[in-house]
Amino acid sequence: MKSEQVLRNDKVLVFGGGSGIGKAIARRLLRENAGVTICGRSKEKLLAAKEELKSDDLFCLVGNIADVDSHEELFAKAETLMGGLSAFVNSAALGSGTLGRGYEPWDITSAEWDMMTDTDFKAAFFLMRNEVNYLIDRQCRGNILNIASNAACMDIIGSYGASKLSIIKWTRALGKRFGHKGIVINGIAPGATLTPMIAHYARTEDQPYPRHALERFIKPEEIAELAFYLMSNYGEIICGHTVVADAGDNAATL
Ligand SMILES: NC(=O)c1ccc[n+]([C@@H]2O[C@H](COP(=O)([O-])OP(=O)(O)OC[C@H]3O[C@@H](n4cnc5c(N)ncnc54)[C@H](OP(=O)(O)O)[C@@H]3O)[C@@H](O)[C@H]2O)c1
């Protein structure tokens, strides 16, 4: 007999939850009656998301993941806000539009490289590592969901794809290492998804996007549905893997 599909953990801290994919995941989790804390650098963005999502179970937390020494304090604050914390969604990142010149930063400065990698690479590692520590310390059979990117599967130059490939590798390594403690770590590698991150080239749902086999952009809600699956009781058999959800992107090489 089929059991009901439910979240494995219902107190979730969503980094990058103020917009785009993170916000869509927050919305999907709230539908499952989860307590959700959204975290990002901009208070205005978080409050706008709170206004839009209209839920008493949604909390806002200003924080910068690039300040890796602040992670534990952010976890403690989220725990207080929700009355518990047992799952993490890591959706915060700086993307192709951040430098205003796409994926091939031939003229990138060392300061720009540091800004990108401090968030997308260094913070992604420490966040995952600190979340695992948090769950182990509490003997919590928690969930960690990492938002990577199918940019990891492309021949692109610069830090973004390399950072996302690392996230896929850390997801696999940590997922396999801590699955026996009941900690389920998985990832999603989306293709081009209609969010502020790619607003410089993706504007509307009906805009054709021939690079994807489906010839359209992905909607954040579609990624959120997959996130719900991976964070549910059904999803735990996928442990240490990153699911590519790229609408058949022709630029992917793996
Ligand atoms: N959209 C796509 O086509 C696409 C494709 C593949 C993968 N992804 C990945 O999907 C995830 C979500 O991106 P998105 O498309 O939803 O873009 P987005 O709307 O720009 O969301 C990124 C979020 O991350 C937050 N953020 C950035 N730097 C941060 C930091 N240092 N500390 C805390 N929060 C920070 C931003 O909020 P603040 O500015 O307020 O900090 C923002 O809410 C990212 O990991 C991205 O790489 C996106």
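Just follow the structure's listing: the first ligand is 1, and inside any ligand the first atom is 1. Remember, it's a predicted structure, so these values are computed and weren't measured experimentally.
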Where the side chain of N146 meets the backbone of G187, is there a donor-acceptor pair that is under 3.5 Å apart? no
From D57 atom CG to L29 atom CG, the distance as rounded to the nearest 0.5 Å: 11.5 Å
Taking 4.0 Å as the limit for heavy-atom contacts, which would you say applies to K45 with ligand 1: side chain only, backbone only, both, or neither? side chain
Closest non-hydrogen contact found for A26 with V36 is CB-CG1, 3.8 Å
For the OG1 atom of T171 and the CD1 atom of I147, what is their distance to the nearest 0.5 Å? 9.5 Å
Count the heavy atoms of every other residue, nucleotide or ligand shown that sit under 6.0 Å from CD of E52, and state whether that count exceeds 12. yes
Nearest heavy atom to atom 4 (C) of ligand 1, choosing from A199, S149, A245, G191, belongs to G191
Where ligand 1 meets I21 - atom numbers and elements under 4.0 angstrom, heavy-atom basis: 10 (O), 16 (O), 48 (C)
Contact check, Y160 vs ligand 1, heavy-atom distance below 4.0 Å: yes
Measuring from I25:CD1 to E221:CD, what's the distance to the nearest 0.5 Å? 11.5 Å
Can you name the nearest heavy-atom pair linking S70 to N64, along with the distance? OG-O, 3.7 Å
Name the option, out of S163, A148, S91, that contains the heavy atom nearest to atom 9 (C) of ligand 1. A148
Return a yes/no value for Y201: is any of its N or O atoms, backbone included, closer than 3.5 angstrom to an N or O of ligand 1? no
As an exercise, state the distance from CD1 of I38 to CG of L81, rounded to the nearest 0.5 Å. 11.0 Å
In ligand 1, the atoms that come under 4.0 Å of a heavy atom of N64 are 30 (C), 31 (N), 32 (N)
Which of the numbered atoms in ligand 1 are below 4.0 angstrom from a heavy atom of G63? 32 (N), 33 (C)
Separation between CG of N186 and OG1 of T242, rounded to the nearest 0.5 Å: 7.0 Å
Should you measure from each heavy atom of A192, which atoms of ligand 1 turn up under 4.0 Å away? 3 (O)
Taking V243 as the starting point, is it possible to reach F88 by hopping between hydrophobic residues whose side chains are less than 4.5 Å apart? no
Judging by distance only, is a nitrogen or oxygen of N150 under 3.5 angstrom from one on ligand 1? no
Using a strict 4.0 Å cut-off to heavy atoms of T119, name the atoms of ligand 1 that fall inside it. 28 (N), 31 (N)
With a sphere of 6.0 Å drawn around CZ of F125, does it hold more than 12 non-hydrogen atoms of other residues, nucleotides or ligands? yes
Below the 3.5 angstrom mark, is there an N/O of N90, backbone or side chain, next to an N/O of ligand 1? no
Taking N or O atoms only and a 3.5 Å limit, does P190 qualify as a polar contact for ligand 1? no
Are any of the N/O atoms in I65 less than 3.5 Å from those in ligand 1? yes
Should you measure from each heavy atom of I147, which atoms of ligand 1 turn up under 4.0 Å away? 9 (C), 10 (O), 11 (C), 45 (O)
Report, as yes or no, whether the 6.0 Å neighbourhood of atom CZ on R177 holds more than 12 heavy atoms from other residues, nucleotides or ligands. no
Checking heavy atoms under 4.0 Å, the part of K23 that sits near ligand 1 is neither
Using a 4.0 Å heavy-atom threshold (strictly under), name the region of L94 that reaches ligand 1: side chain, backbone, both or neither. side chain
Determine, considering heavy atoms only, which of A189, A93, A66, P196 sits nearest to atom 27 (C) of ligand 1. A93
In terms of atom number and element, which parts of ligand 1 are under 4.0 angstrom from non-hydrogen atoms of G20? 16 (O), 19 (O)
